[in-house]
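In what follows, a structure is listed as structure tokens, so that the remarks can point back to it.
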Amino acid sequence: MQDITIASGRLTINMKVIAVGDDLCVVIAGGDSPHIGCVTLSVPRPSLRDEHAVSATTSVLNLVGHKDDEAARYVSHTLSSTLKKNTVVTCGIHVDNITNDEIQLVFTLLQQLTDTVIQKHR
């Protein structure tokens, strides 16, 4: 299992990555109230634009009223298409009174975490 935590300002995000055979299961939690807000499943496949490239098909289950789907989809799709692995992500990040700048920072931190996972699993 890979357990990574990253922080900036009042944001802290934790990502746990568990290899399940050749597949990946990822848990992302953070902020003031970590929770399960969204679950995604990404399956690698040939790109529709370039038959020599790999993309992924991603399915999303989002809890009503939660906005974790964009974050979960990004991580799931990126890991699946880059590593060519079936990937499940559960994501729940809640920050009280989050600002637009902090929302952008969340995505920057998730990109950094995702890049770290890719380097470990290549």
Side-chain angles (χ1 to χ4, degrees):
M1 180 175 77
Q2 187 177 11
D3 190 345
I4 316 162
T5 299
I6 192 167
S8 181
R10 65 187 192 113
L11 301 176
T12 300
I13 301 173
N14 175 263
M15 183 181 286
K16 290 178 176 46
V17 182
I18 303 161
V20 182
D22 290 332
D23 304 327
L24 294 178
C25 181
V26 180
V27 177
I28 303 167
D32 302 314
S33 302
H35 59 281
I36 295 174
C38 182
V39 176
T40 61
L41 168 64
S42 294
V43 178
R45 60 164 172 78
S47 170
L48 300 176
R49 290 190 188 134
D50 178 358
E51 66 185 46
H52 303 292
V54 176
S55 188
T57 295
T58 301
S59 299
V60 178
L61 294 171
N62 205 55
L63 276 71
V64 175
H66 291 263
K67 296 182 180 181
D68 302 291
D69 53 314
E70 288 185 42
R73 186 181 189 292
Y74 165 77
V75 173
S76 187
H77 189 273
T78 302
L79 291 176
S80 181
S81 60
T82 304
L83 299 175
K84 300 178 183 112
K85 294 179 179 286
N86 297 322
T87 304
V88 170
V89 172
T90 179
C91 181
I93 302 167
H94 175 84
V95 178
D96 293 334
N97 302 310
I98 194 167
T99 67
N100 286 335
D101 288 342
E102 288 172 324
I103 291 169
Q104 291 304 314
L105 181 55
V106 166
F107 279 92
T108 298
L109 296 175
L110 285 172
Q111 289 171 342
Q112 291 173 13
L113 288 166
T114 302
D115 289 346
T116 299
V117 171
I118 288 168
Q119 293 307 314
K120 165 85 174 175
H121 290 272
R122 275 209 157 152

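What's counted below: heavy atoms across the whole structure, side chains too, no hydrogens, waters or symmetry copies.
Across Asn86, Val88, Val26, a single residue satisfies side-chain contact (heavy atoms from CB on, under 4.5 Å) together with Leu79, and that is Val26. When Asp68, Asp69, Val89 are each tested for a side-chain contact (heavy atoms from CB on, under 4.5 Å) with Val60, only one passes: Asp69.
More than 12 heavy atoms of other residues, nucleotides or ligands lie within 6.0 Å of CD in Glu102, so this atom counts as buried by the packing criterion. Counting non-hydrogen atoms of neighbouring residues, nucleotides and ligands closer than 6.0 angstrom, the CG atom of Asp96 exceeds 12 such neighbours.
Ion pairing between a basic and an acidic side chain is recognised when a charged N comes within 4.0 Å of a carboxylate O; Lys16 and Asp3 show such pairing.
Taking hydrophobic clusters as Ile, Leu, Val, Met, Phe, Trp and Tyr residues chained together by side-chain heavy-atom distances below 4.5 Å, Val43 does not share a cluster with Val17.
A donor-acceptor pair under 3.5 Å is formed between the side chain of Thr87 and the backbone N or O of Lys85. Side-chain atoms of His35 come within 3.5 Å of backbone N or O of Ser33 as a donor-acceptor pair. Between the side chain of Thr12 and the main chain of Ser8, no donor-acceptor pair closer than 3.5 Å is present.
A 4.5 Å side-chain heavy-atom check between Thr40 and Leu61 finds every atom pair outside the cut-off. Side-chain contact between Ile28 and Leu110: present, with at least one pair of heavy atoms (C-beta onward) separated by less than 4.5 Å. Side chains of Val27 and Met15 form no contact here, defined as non-hydrogen atoms less than 4.5 Å apart. Contact check for Ile103 versus Asn100: side-chain heavy atoms found under the 4.5 Å cut-off. Looking at Ile118 and Thr114, their side chains come closer than 4.5 Å, going by heavy atoms from C-beta outward.
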Apply side-chain contact (heavy atoms from CB on, under 4.5 Å) to the pair Asp115 and Gln119, showing each step before the final yes or no.
CA-CA 6 Å; Asp115 289 346; Gln119 293 307 314; 5.6 Å; no

side-chain contact (heavy atoms from CB on, under 4.5 Å), that's the test. Do Ile13 and Ile93 meet it? Break it down for me.
CA-CA 8 Å; Ile13 301 173; Ile93 302 167; 4.1 Å; yes

Going through the checks in order, is the side-chain hydrogen bond (donor to acceptor under 3.5 Å, both in side chains) test met by Ser42 and Ser80?
CA-CA 6 Å; Ser42 294; Ser80 181; 4.9 Å; no

In sequence, state the C-alpha distance, the side-chain angles, and the governing distance for Arg122 and Thr82, and then conclude on side-chain contact (heavy atoms from CB on, under 4.5 Å).
CA-CA 9 Å; Arg122 275 209 157 152; Thr82 304; 3.1 Å; yes

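Interatomic distance, OG1 of Thr108 versus CG of Leu11, reported as 10.0 Å (0.5 Å rounding). Rounded to the nearest 0.5 angstrom, Ser81 OG and Arg45 CZ are separated by 9.0 Å. Rounding to the nearest 0.5 Å places CD1 of Ile4 at 9.0 Å from NZ of Lys120.
Of all non-hydrogen atoms in Thr58 and Ser76, the two that sit nearest each other are CG2-OG, 4.4 Å. Considering all non-hydrogen atoms of both residues, Ala56 and His77 come closest at O-NE2, 3.1 Å.
Side-chain contacts under 4.5 Å among hydrophobic residues (ILVMFWY), followed directly or transitively, place Met1 together with Ile18, Val20.
His94 has its ring centre no less than 6.0 Å from the ring centre of His66.
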